[in-house]
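What follows is a single structure, written as structure tokens, with notes after it.
Letters A, B, ... are given to chains in the order of the sequence lines, protein chains preceding strands, and every chain is numbered from 1. These numbers were taken from a predicted model, which means no experiment stands behind them.
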Amino acid sequence: MNKDSTNKEIPSKYDPSIVEDKWYSYWMDNNYFHSEVDHSKEPFTIVIPPPNVTGVLHMGHMLNNTIQDVLTRRARMQGFNACWVPGTDHASIATEAKVVRKLREEGIKKSDLSRDEFLEHAWEWTHKHGGIILEQLKKLGASCDWDRTSFTMDEKYSDSVIDTFIDLYNKGKIYRGERMINWDPAAFTALSDEEVIHKEVNSKLYHVRYQISDSKDFVIIATTRPETILGDTAVCVHPKDERFTHLHGMKVMVPLVNREVPIIADDYVEMEFGTGCLKVTPAHDVNDYELGQKHKLETINMMNADGTISEEGELYIGMDRFEVRKQIVKDLEEAGNLVKIEEYKNKVGYSERTDVVIEPRLSLQWWVSMKELSQPALENVMNDNIQFHPAKFKNTYRHWMENVKDWCISRQLWWGHRIPAFYFGEGEHDFVVAKTIEEALESARIKSGNPLLQKSDLEQDEDVLDTWFSSWLWPISVFDGFYNKEEVDYYYPTNDLVTAPEIMFFWVARMIIAGYEYRDELPFKNVYYTGIVRDKQGRKMSKSLGNSPDPLELISQYGADGVRMGMLFSTPAGNDLPFDSSICEQGSKFSNKIWNAFRFLTMNMEEGVKYIPTTKIDSNNLADRWMMARIHQTIQGIDEDFKNYKLNDALKKVYSLIWDDFCDWYIELAKPDKYGDKFDINKMNVALGMFEQLMKLLHPFMPFISEEIWQYIQDRKPEEALCIADWPKYDANFDVQADIDLFENLQDIISSLRNIRAEMGISPKEELEVLIKTSANETADKIISNDWILKKLQSMKSIEISSDIKKPGACSSAIVDGNEIYVPLEGLIDTEKEIERIQNEINRIEGWLKGVNRKLNNKNFVDNAPDAVVQNERNKLRDGEANLAKLREQLKDFE
RNA sequence: GGGCGAUUAGCUCAGUUGGUUUAGAGCACCUCGUUUACACCGAGGGGGUCGGGGGUUCGAGUCCCUCAUCGCCCACCA
């Protein structure tokens with residue numbers, strides 16, 4: 001570093017806003033984030049969990065992408081060919097809902113538009129709002145390979161989705177069938193089971209009586225959905241329920257609609273629940289449907305797609321389901337059929353997207369058979385080929401995978417990948433699956449036996465595929481993996497996936513399934529599950545609650561580095577992050593601390609001197625050796641933490657290394673002795689060399705400030721940027737425990753002197769006379785040869801160190817690591833305080849020794865515990881008693 | 001209803017296979033302090049019977065049982 005090149009007026013407050021944009025542009029301009037196939041380098045790949053294309057950045061993204069960036073940046077520094085692929089998801093339902101809403105605001109109804117017209121609007125919307133979120137990620141510092149930005153509706157990507165559908169269909173893993181599905185009456189589409197959220201709600205249990213045919217008697221059923229009475233086609237009792245045995249084979253009248261339906265017996269009914277008598281509505285309840293199948297009951301589809309009553313319902317036609325619920329209760333009451341209403345808590349399914357109550361509905365949909373496909377996906381997580389962090393999520397995963405149900409993949413929407421099925425007739429099997437209409441025509445002519453069939457006779461399925469049916473190909477398709485083997489063979493499998501546990505089934509599990517099906521290999525080696533970002537009251541941050549801070553606002557306030565650090569500091573994998581802006585404040589304070597430490601060095605440079613940072617420390621300087629040892633210990637610790645995906649622990653180590661070790665001790669000791677003196681050039685070079693090491697370790701976490709200082713320290717060529725610098729390697733030669741121990745002894749001595757000053761009310765400037773009586777001659781020698789450290793950090797008149805020192809009269813004292821510290825305080829001493837200090841210390845040690853003695857006096861302990869443990873206790877006793885004796889001696893002087 | 005996980009200082013969390021501390025960190029709190037960077041700072045300090053109870057062991061925050069509270073996931077009792 002050249003002093004002339006530095007600005008003398010470096011401000012004492014670090015301003016990230018100036019720095020961050022500058023370096024992000026620099027990194028981009030120099031293409032550091034871009035990766036290409038390079039067989040001489042090992043790849044490190046992460047694919048981003050693609051956010052909704054028209055979404056905006058929220059706190060969950062911030063946390064998630066910060067973690068990905070940390071992993072990517074470190075890998076890049078380690079020399080891997082780091083490739084973090086960004087992109088967005090078309091988010092079928094969510095995006096379509098937004099477009100529909102926007103159109104409605106403009107007075108346009110979706111139903112007034114053709115499919116193509118609607119899609120035009122949707123694309124327009126996508127182009128307008130699409131990708132904003134990716135721009136926001138750049139503010140965070142995300143080092144994605146932006147040249148690889150993918151979108152699930154890109155042409156090639158879409159091809160892979162359609163081809164996959166066709167392939168699975170041809171393998172018999174996709175089928176079309178009429179089943180009970182979850183109907184979203186607001187979005188007008190079927191949903192998969194995963195998209196239904198069960199919430200406990202306060203409902204009512206209505207007891208309704210049904211007249212038995214040819215009898216004056218009644219049966220009473222209990223229901224939470226009285227409107228479905230319109231669709232009843234049976235009443236069911238338990239075959240062993242003696243209360244109802246006489247009714248088997250009889251018939252009852254459904255009230256209001258006056259339809260005669262059979263009484264059937266099935267052990268599905270819980271005798272204890274309600275009245276023990278169940279009404280059966282096969283078209284509108286999953287269980288009832290099964291009962292209907294079993295007992296060959298009629299199905300009455302009494303509800304329309306929008307949740308209103310259909311003509312088949314006979315009554316209340318066109319009324320909304322919840323209106324009908326109120327009305328039918330009134331009408332039943334008037335008809336004398338309502339027996340009672342009970343308060344009742346039950347779970348009701350809601351749409352994940354639209355938050356309306358799901359209506360179970362019988363419908364013809366497309367399905368993926370999951371059982372067989374999911375086998376390898378289950379095995380390879382359970383045997384840790386794919387590792388979950390934290391591992392506890394394996395349980396949840398297993399439970400789902402072992403009970404996996406077929407996946408409903410068709411959605412009655414327009415925005416998405418249109419199902420490549422073409423119908424040529426009304427029959428159940430009158431369709432073909434093909435990529436193009438030409439291929440479809442060819443197959444259809446064969447299948448139908450009609451060679452004259454024309455394109456115009458074919459109708460493509462109106463539905464699109466579930467968004468997740470495209471996302472599950474993400475780790476393959478972003479590399480064009482179905483059509484171009486070179487890229488995918490190099491980058492796949494990816495290394496780490498960072499995502500929220502909420503989408504373990506939607507996405508993670510299915511990517512694993514697709515990975516084994518199409519690559520015969522796992523899609524990623526590690527899955528890091530982040531926690532949920534919550535507000536102070538523990539609520540999940542959400543748009544609707546309005547409790548989420550604006551991420552960009554936070555970045556402008558605390559700097560991206562500050563926000564990143566704040567979030568990382570308090571979120572171990574899988575733990576929720578209770579967010580409070582104070583954690584970002586801690587981050588920006590840290591930035592400022594680093595900034596000032598660096599500023600201080602620049603202030604101590606001589607004009608015109610060329611400084612060259614070095615790691616060649618002064619081997620005679622204990623502080624240098626100690627600092628170097630601490631750096632290497634930290635490198636080792638961080639590497640271990642990364643291996644275990646404990647990013648917060650790694651960051652804490654860096655934080656403590658920089659703040660506690662480097663700033664509070666190393667810099668203090670490196671300061672020139674005399675006011676106004678500049679740093680010695682060699683000292684400065686070493687300090688700068690250490691600073692460089694620190695910046696490297698910091699870079700993955702706080703990329704901007706570390707790059708800023710890195711570039712300040714020396715003029716660098718583009719290829720010398722910190723962003724692509726090499727990650728420090730642990731070197732045991734630097735990690736000398738004896739140096740650390742000795743230095744820590746000195747730190748303890750200084751702390752004890754500070755403590756004496758604080759308790760005696762002695763100013764830090766007051767020059768003390770210090771006597772240190774060491775436990776051994778050897779110790780004295782070591783301390784004497786490093787006594788400059790003591791002198792530097794404590795103003796003192798004199799210091800005397802020896803194993804043979806007589807305790808002076810009136811003095812304050814302490815025992816540190818077996819050595820006695822005396823500070824003669826003639827006249828200054830507050831006798832009572834000093835006695836109290838010593839007495840407190842005696843009490844503490846006595847209490848401690850009590851525990852030690854208890855163990856040693858226990859014959860069982862001495863006989864059974866390992867020798868090392870027993871010996872250790874004996875050492876504790878010996879040292880403790882020695883200290884106690886010294887303290888008692890000191891106390892005597894005051895008596 | 002089933003399963004999983006938690007419960008350690010006011011808050012957020014560490015605490016590796018049970019034994020170097022009568023339990024650690026950061027934030028918050030209290031006292032003092034404008035010393036050659038930083039008051040977004042420095043120095044010092046207080047604060048926990050490790051959710052309750054029982055057990056195994058020479059020894060338990062750490063293992064087992066049980067209860068309580070909280071959280072998450074799954075599930076078709078209307």
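- Heavy atoms of P866(A) sit under 4.0 angstrom from at least one base atom.
- Within the 4.0 angstrom heavy-atom criterion, base atoms lie near P672(A).
- Whole-Å rounding puts the K347(A) NZ to C72(B) P distance at 10 Å.
- Under 4.0 angstrom from either OP1 or OP2 of A78(B) there lies at least one side-chain N or O belonging to Y344(A).
- Of the possible donor and acceptor atoms, none in the side chain of K394(A) sits under 3.5 Å from a partner among the backbone N and O of H389(A).
- In this structure, I503(A) atom CD1 and C73(B) atom P are separated by 13 Å, rounded to whole Å.
- The interatomic distance linking D232(A) (CG) with A78(B) (P) rounds to 16 Å, in whole Å.
- The nucleotide whose nearest atom lies closest to any side-chain atom of N864(A) is, among C58(B), C38(B), A78(B), C58(B).
- G5(B) atom P lies 18 Å from atom OH of Y397(A), rounded to whole Å.
- Rounded to a whole angstrom, the distance from the P atom of C29(B) to that of G10(B) is 15 Å.
- Using a cutoff of 4.0 Å between basic side-chain nitrogens and carboxylate oxygens, D673(A) and K792(A) are scored as salt-bridged.
- Note: W659(A) and F590(A) have parallel aromatic rings, judged against thresholds of 30 and 60 degrees for the angle between ring planes.
- If you take CD of E200(A) and P of C72(B), they are 13 Å apart, rounded to a whole angstrom.
- Among G19(B), G26(B), C4(B), the nucleotide with an atom closest to any side-chain atom of A865(A) is G19(B).
- Here G3(B) presents its C1' atom at 11 Å from CZ of F505(A), a figure rounded to the nearest Å.
- When Watson-Crick and G-U wobble pairs are counted only if both distances are under 3.5 Å, U56(B) pairs with no nucleotide at all.
- Separating the C1' atom of A43(B) from that of G54(B) is a span of 47 Å, rounded to the nearest Å.
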Side chain to side chain contact (heavy atoms under 4.5 Å, CB included), that's the test. Do R209(A) and T275(A) meet it? Break it down for me.
CA-CA 10 Å; R209(A) 58 186 197 177; T275(A) 60; over 6 Å; no

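- Ring planes of F679(A) and F600(A): perpendicular class, angle over 60° (limits at 30 and 60°).
- Closest to the N604(A) side chain, of the nucleotides U35(B), G19(B), U36(B), is U36(B).
- Counting non-hydrogen atoms under 4.0 angstrom, V269(A) reaches a base of the nucleic acid.
- When both distances must be under 3.5 Å, the Watson-Crick or G-U wobble mate of U20(B) does not exist.
- The residue K859(A) sits apart from the nucleic acid: no heavy atom pair falls under 4.0 Å.
- C40(B) and G45(B): their P atoms are spaced 24 Å apart (whole Å).
- Here G2(B) is the nucleotide among C4(B), G2(B), G19(B) with the atom lying nearest to any side-chain atom of H399(A).
- Between C70(B) and G52(B), the two C1' atoms lie 15 Å apart (nearest whole Å).
- Out of C40(B), C73(B), A37(B), the shortest distance to the side chain of T396(A) is found at C73(B).
- U35(B) is unpaired under the criterion used here, namely a Watson-Crick or G-U wobble arrangement in which both key atom distances are under 3.5 Å.
- Straight-line distance between the C1' atoms of G61(B) and A9(B): roughly 14 Å, to the nearest whole Å.
- Using bins of under 30°, 30° to 60° and over 60° for the plane-to-plane angle, the ring pair Y529(A)/F393(A) lands in the tilted bin.
- Using a 4.0 Å heavy-atom criterion, one finds that G847(A) contacts the bases of the nucleic acid, with or without backbone contacts as well.
- If you check every strand for non-hydrogen atoms under 4.0 Å, D641(A) touches nothing.
- The partner of G5(B) is C70(B), judged by Watson-Crick or G-U wobble contacts that both fall below 3.5 Å.
- With both ends at atom C1', the span from G48(B) to A28(B) equals 16 Å, rounded to whole Å.
- In this model, no donor atom of one side chain and acceptor atom of the other lie less than 3.5 Å apart for S582(A) and E585(A).
- Classified by interplanar angle (parallel below 30°, tilted 30° to 60°, perpendicular above 60°), the ring pair F642(A)/F701(A) is tilted.
- A parallel orientation is assigned to the rings of F662(A) and Y666(A), their planes being inclined by less than 30° (bins at 30° and 60°).
- Across all strands shown, K850(A) has no heavy atoms under 4.0 Å from either base or sugar-phosphate atoms.
- Where D660(A) and W400(A) each meet RNA chain B at their nearest nucleotide, the meeting point lying more 5' is that of D660(A).
- Among the heavy atoms of the strands lying under 4.0 Å from V869(A) is at least one base atom, whether or not backbone atoms are also near.
- Taking only side-chain atoms of N596(A), from C-beta outward, the nucleotide of C38(B), A78(B), G26(B) with the closest atom is C38(B).
- Taking atom P on both G18(B) and U57(B), the two are 16 Å apart, rounded to the nearest angstrom.
- Here the two rings, on F569(A) and Y655(A), have centers that are under 6.0 Å apart.
- Within 4.0 Å (heavy atoms only), E846(A) reaches no atom of the nucleic acid at all.
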Determine, for nucleotides 8-15 of chain B in 5'-to-3' order, which nucleotides have protein heavy atoms under 4.0 Å from the base (write B), from only the sugar-phosphate (write S), or from neither (write -).
----SSSS

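- When atom types are taken as modelled, the side chain of N592(A) and the backbone of Y14(A) share a donor-acceptor pair closer than 3.5 angstrom.
- Applying the side chain to side chain donor-acceptor pair (under 3.5 Å) definition to pairs two or more places apart or across chains, those involving residues 851-871 of chain A are K859(A)-D863(A), Q871(A)-N875(A).
- For A14(B) and U7(B), the P atoms lie 8 Å apart once the distance is rounded to whole Å.
- The distance from atom CZ of F506(A) to atom P of C74(B) is 9 Å, rounded to the nearest whole Å.
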Could you give me the CA-CA distance, side-chain angles and deciding distance for R179(A) and D406(A), then say whether salt bridge (charged side-chain N to carboxylate O under 4.0 Å, His left out) is met?
CA-CA 11 Å; R179(A) 299 265 199 101; D406(A) 284 0; 3.7 Å; yes

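- Side-chain proximity of K405(A) to the nucleotides U35(B), A39(B), C76(B) is greatest for C76(B).
- To the nearest angstrom, P of A78(B) lies 14 Å from OH of Y206(A).
- The partner of C29(B), taking Watson-Crick or G-U wobble pairs whose two distances both stay under 3.5 Å, is G45(B).
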Which letters describe nucleotides 41-51 of chain B, given B = protein heavy atom under 4.0 Å from base, S = only from sugar-phosphate, - = neither?
SSSSS------

